[in-house]
Amino acid sequence: GICSGLPTEQTLLDDADCVVECLEDQLAVPLERVLLMGQSLGGGPAIYLASKYSCAGLITVATFTSIPAVAGSYTGILHYAGLAGWLVDVFDNASRIRSVRCQTLILHGREDDLIDMEHAERLAVLCGK
């Protein structure tokens, strides 16, 4: 592609921080007026930003608790065999959402074939705790 760097979790989160800096510094948009939204993988950076900054709100759509949890739901052995540590990018949304203090809307479809609705239910329980 036209961008340098590697497509990692940390790179994505660093880019998300850059967007916030641009909003504040270059566009003079107060974060208290910013509504963060992410769908599926995009829910990771949205939750990350909402856990780090005071914003107007957070919306997630079909977002997962973590990559190992999703992989484990397909393999059934990932966590039990201790293989979760092999995954480089974890996107631990379940841990990060505990620090979210803004109003949050978590959306998920019952017929999602990729990410089970249990992920949304778990994120809802953990949000702000």
Side-chain angles (χ1 to χ4, degrees):
I2 61 172
C3 298
S4 62
L6 298 173
T8 66
E9 177 182 10
Q10 190 57 55
T11 302
L12 185 60
L13 299 181
D14 289 345
D15 288 347
D17 281 325
C18 286
V19 170
V20 168
E21 289 174 22
C22 178
L23 282 171
E24 288 183 312
D25 300 341
Q26 295 179 16
L27 301 175
V29 175
L31 288 182
E32 296 80 22
R33 298 191 63 202
V34 173
L35 182 62
L36 300 167
M37 181 178 173
Q39 179 177 348
S40 191
L41 182 62
I47 291 171
Y48 164 77
L49 291 175
S51 72
K52 188 172 177 181
Y53 302 99
S54 294
C55 57
L58 168 67
I59 301 171
T60 66
V61 181
T63 299
F64 49 85
T65 55
S66 71
I67 296 288
V70 173
S73 68
Y74 285 99
T75 64
I77 62 166
L78 191 65
H79 288 290
Y80 303 110
L83 299 176
W86 287 78
L87 295 171
V88 176
D89 296 317
V90 176
F91 287 95
D92 191 358
N93 297 324
S95 292
R96 287 189 180 117
I97 204 162
R98 293 172 188 263
S99 300
V100 171
R101 298 291 178 246
C102 61
Q103 292 187 26
T104 303
L105 175 63
I106 298 173
L107 302 171
H108 206 103
R110 293 188 193 281
E111 296 182 21
D112 189 325
D113 292 332
L114 184 59
I115 308 298
D116 193 275
M117 191 163 158
E118 290 177 3
H119 288 265
E121 293 166 347
R122 182 84 177 127
L123 290 172
V125 167
L126 295 173
C127 188
K129 298 210 178 205

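What you see below is based on every heavy atom in this structure, not just the backbone, and it leaves out hydrogens, waters and symmetry mates. Note that the coordinates shown come from a computational prediction; the quantities given were computed from them, not determined experimentally.
Side-chain atoms of Met37 and Val61, non-hydrogen and from C-beta on, do get closer than 4.5 Å to each other. Side-chain contact between Ile106 and Ile97: present, with at least one pair of heavy atoms (C-beta onward) separated by less than 4.5 Å. Here the side chains of Val29 and Glu24 are not in contact, with every heavy-atom distance at 4.5 Å or above. Annotation: side chain of Arg122 is not in contact with side chain of Glu118 (no heavy-atom distance under 4.5 Å). Between Leu107 and Thr60, the closest side-chain pair of non-hydrogen atoms is not below 4.5 Å. The shortest side-chain heavy-atom distance between Phe91 and Leu12 falls under the 4.5 Å cut-off.
Of the possible donor and acceptor atoms, one in the side chain of Thr104 sits under 3.5 Å from a partner among the backbone N and O of Cys102. With hydrogens and angles ignored, the 3.5 Å screen pairs a side-chain donor or acceptor of His119 with a backbone N or O of Thr65. Formation of a donor-acceptor pair under 3.5 Å by the Gln103 side chain with backbone atoms of Leu58 is not found in this model. Checking side-chain atoms of Arg101 against main-chain N and O of Ser54 turns up no donor-acceptor pair under 3.5 Å. Here the side chain of Asn93 pairs a donor or acceptor atom with the backbone of Phe64 at under 3.5 angstrom.
Hydrophobic clustering, with ILVMFWY side chains joined whenever heavy atoms are under 4.5 angstrom apart, groups Tyr53 together with Leu13. Val90 and Ile47 are members of different hydrophobic clusters when ILVMFWY side chains are connected at heavy-atom separations under 4.5 Å. Under a hydrophobic clustering in which Ile, Leu, Val, Met, Phe, Trp and Tyr are joined whenever their side-chain heavy atoms come within less than 4.5 Å, directly or via other members, Leu126 and Leu49 fall into the same cluster.
In the model, Tyr48 has a side-chain atom that pairs as donor or acceptor with a side-chain atom of Asp17 under 3.5 Å.
Atom CE of Met117 is separated from atom NE2 of His108 by 7.5 Å, given to the nearest 0.5 angstrom. How far CD of Glu121 is from CG of Asp116: 7.5 Å, rounded to the nearest 0.5 Å. Going from atom CG of Leu36 over to atom OG of Ser51 covers 10.0 Å, rounded to the nearest 0.5 Å. For the atom pair CG (Leu123) and OG (Ser66), the distance works out to 9.5 Å, reported to the nearest 0.5 Å.
If you run side-chain hydrogen bond (donor to acceptor under 3.5 Å, both in side chains) between Thr11 and each of Thr8, Asp14, Asp15, only Thr8 comes through.
Annotation: side chain to side chain donor-acceptor pair (under 3.5 Å) contacts involving residues 25-38, sequence neighbours excluded, are absent.
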Practice item. Evaluate the salt bridge (Lys or Arg N to Asp or Glu O under 4.0 Å) criterion for residues Glu9 and Arg96: first the C-alpha distance (whole Å), next the side-chain angles of each, then the deciding distance (0.1 Å), finally the verdict. Key: CA-CA 14 Å; Glu9 177 182 10; Arg96 287 189 180 117; 3.1 Å; yes
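The two residues Asp112 and Ala62 come nearest to each other via the heavy atoms OD2-CB, 3.6 Å.
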